[in-house]
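Below is one structure, written out as structure tokens; comments come after it.
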Protein chains: 2
Amino acid sequence: MPGIEAVAKLAGVSTATVSRALSGNGHVSPSTRVRVHEAARELGYVVSSSASSLASGRTKNVGVVVPFLSRWFYSSVLEGAGAALLRNGYDLTLYGLSGGDDERTSVFEHFLLRKRVDAVLALTIELNESELQSLLDLHKPIVGIGGPLKGVQTLSVDDVAVAMLATEHLLGLGHTRIGMIGGASRFELDFHLPTNRRAGYEDALRLAGVQPDPPLFRPADFTIRGGYEAARELLVDPPNRPTAIFAASDEMAIGSILAARDLGLSVPRDVSVIGIDGHEHSEFFGLTTMAQFPRRQGEQAVEMLMDRLHPGRRDPLPTNIPLPVELIVRTSTAPPAG
Amino acid sequence: MPGIEAVAKLAGVSTATVSRALSGNGHVSPSTRVRVHEAARELGYVVSSSASSLASGRTKNVGVVVPFLSRWFYSSVLEGAGAALLRNGYDLTLYGLSGGDDERTSVFEHFLLRKRVDAVLALTIELNESELQSLLDLHKPIVGIGGPLKGVQTLSVDDVAVAMLATEHLLGLGHTRIGMIGGASRFELDFHLPTNRRAGYEDALRLAGVQPDPPLFRPADFTIRGGYEAARELLVDPPNRPTAIFAASDEMAIGSILAARDLGLSVPRDVSVIGIDGHEHSEFFGLTTMAQFPRRQGEQAVEMLMDRLHPGRRDPLPTNIPLPVELIVRTSTAPPAG
DNA sequence: CTGAAAGCGCTTACAG
DNA sequence: CTGAAAGCGCTTACAG
């Protein structure tokens, strides 16, 4: 592993010039530039990140804090963020918080403080006061995805609007008895997503002159099984049965489709189902959904971070652009029968 | 952000002693130890990772190379590895290879070389010669998961054995016409997993005196949809229909269950289905499966790495212990009808 | 545009 | 058990 000195020697310049030529910071004459690059590649020289970080105060590394990894949404965001960071020459250091409270504490009180990162991306994670404070104390750019974090630039879908659009799709097809499978209140932690999606659903109903009927709302846990059980309860009782179900996640919507089938009901003839996510499995189940694009969310968050890390490098992305969502109509929704 | 000097001053010792007391390298008297720790916590001191790395040559960071993130298996392994690294005081730098070839090349030729990591974990990823060589040239501990990597310590399930066990479960129930949905050859890349699982299936049949029937084997792509379509082909033709299906992944097995239902067949009465994985959704579908435990695989790989990074710290894990798999019998398998 | 030199904040032989 | 000091490999004012 050759050092910068070897490159300098081979190129016949000082190490200062090598550093400038390779990093692009500071001016170097074109011909020197070329010579230095050639020498570097001939020797297989790659800068030592710790030496470079120590000297410059920049790490070329971004910390990403994630609550869960083994869920499609999070891992998709992470995938997008990782690809975008790579393109920008940054490493990604991952801090998973799926462990216990002790692990969580150590991430905020120890790991993130060792100056290993230039910036932090917080994925859909509600932070308590002291966690937020230790992030802010880093005095580094932070971007959050998924909900408001006080004092932090965040990127999030408008949950109320998304739920309204989903509900309006069903209303537009002629449904009026529309059930909702929403988030249980213990997921409230997650930026009031359950409350907001329920609010959007009820707002849309009222706007259409339909009075929300509380028994048509069922809380669940965002999983297929949870959606299955909630849908069963909604659908088991023919006289009161809704003609359509809006589920706050695609997994719960898929559970609803399976529950309907098991009850001998046909989707969409007997009951329409719409979800939110654009989950990888939604297409297979013919699920109509409000797609949010998690990969793109991750990429966009990184771009915002890059704008802050390299101001003036280009026109920055506008702050607070709402995240894109898109209604994808498949075969799980149709006008109500008869 | 106080430095080591501030801690030294407050504790009334030299920076050398602070370093030794905090890192645990080298002897420090108990009372000094306590004083240093108190001073450090009073000041909120956390070591600068770049300074420490530069001086010591150790980064306390492990690079993890992953082909995909948004798939359950990979993200579960990653979650396990991340938790285990955290417990050991290590950071995890993630290199996702889901992008194009250029990104892939830059990971191996640039990112991994900047001395940011002490060791590398390669998750279920087939490397070409030059990629492998650049890993080996790092002269750092490497552990692979998922298949043999020449010159690298690897952790993998015995695919032949797992497939045999799955097939034997069906044979034991009395099935003899057993179909298999395996991997298409383009997934061969993945350590011959398709070939090995097929071999295990055929071996088990032959051992039981059953001649493998080529039309009963269908290749697919490991997804629900792929399994669905393959199962449809297997099941659509009553006279030749198998009484049981062994799918090389749980997602394909779930697709098979759904296909059977859509054909009006009952699982397990008309057809039994078994998968491999222990996927998070397998329980919901009542799927009998050969569970492999990806989270644990990730943890175990990290322990092997730690044994190499800190020799003598404890008794090392035995090399080449086979990864645990476990038959989980649910409701998708039963003796053949009639 | 380029170089000499200080300095980034630690760790670790070396000496006692 | 502890300290003084060299050194890890870069970057960047500063000067020219």
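What you see is a predicted model, and the numbers here were worked out from it, not measured in a lab. Below, chain A is the first sequence line, B the second, and so on; all start at residue 1.
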For Arg114(A), which contact category applies under a 4.0 Å heavy-atom criterion: base, sugar-phosphate, or nothing?
nothing
Is NZ or CZ of Arg71(B) both nearer than 6.0 Å to the six-membered ring centre of Phe73(B) and within 45° of the ring axis?
no
Apply side-chain hydrogen bond (donor to acceptor under 3.5 Å, both in side chains) to [X] and list each qualifying residue two or more places apart in sequence or on a separate chain.
X         : result
Glu103(B) : none
Thr17(B)  : Ser14(B)
Gln292(A) : Asp277(A), Gln297(A)
Asn25(B)  : Ser23(B)

First and last nt of DNA chain D near chain A, cut-off under 4.0 Å to heavy atoms, 5' to 3', are dG9(D) to dA13(D)
Check Val66(B) against Phe68(B) and note the closest heavy-atom contact, atom names and distance.
CG1-O, 3.3 Å
Restricting to pairs with a member in residues 107-123 of chain A, which pass salt bridge (Lys or Arg N to Asp or Glu O under 4.0 Å), not counting sequence neighbours?
Arg114(A)-Asp91(B), Arg116(A)-Asp91(B)
Listed in order of residue number, which residues of residues 13-35 of chain A have a non-hydrogen atom at under 4.0 Å from DNA chain C?
Val13(A), Ser14(A), Ala16(A), Thr17(A), Arg20(A), His27(A), Val28(A), Ser29(A), Thr32(A)
Please list residues of residues 49-57 of chain B whose heavy atoms come under 4.0 Å from any atom in DNA chain C, ordered by number; otherwise none.
Ala51(B), Ser52(B), Ala55(B), Ser56(B)
How about NE2 on His27(A), more than 12 heavy atoms from neighbouring residues, nucleotides or ligands closer than 6.0 Å, or not?
no
Side chain to side chain donor-acceptor pair (under 3.5 Å) pairs touching residues 133-142 of chain B, sequence neighbours excluded, are Gln133(B)-Asp137(B)
Are Val77(A) and Thr124(A) packed together at the side-chain level, in the sense that at least one heavy-atom pair is separated by less than 4.5 angstrom?
no
Intra- and inter-strand pairs of DNA chain D in dot-bracket (Watson-Crick or G-U wobble, both distances under 3.5 Å; | for another strand)
|||.||||||||.|||
If the P atom of dT2(C) is compared with that of dA6(C), how far apart are they to the nearest Å?
23 Å
Please give the distance between the P atoms of dC1(D) and dA5(D) as a whole number of Å.
23 Å
side-chain contact (heavy atoms from CB on, under 4.5 Å) partners of Asn128(A), counting only residues at least two apart
Ser130(A), Glu131(A)
Return a table of donor-acceptor pairs under 3.5 angstrom between the side chains of residues 30-41 of chain B and protein atoms on other chains or two or more places apart.
residue: Thr32(B); atom: OG1; partner: Ser29(B); partner atom: OG; Å: 2.5
residue: Arg35(B); atom: NH1; partner: Ala11(B); partner atom: O; Å: 2.7
residue: His37(B); atom: ND1; partner: Arg33(B); partner atom: O; Å: 3.1

Side-chain donor-acceptor contact under 3.5 Å, Ser53(B) with Thr59(B):
no
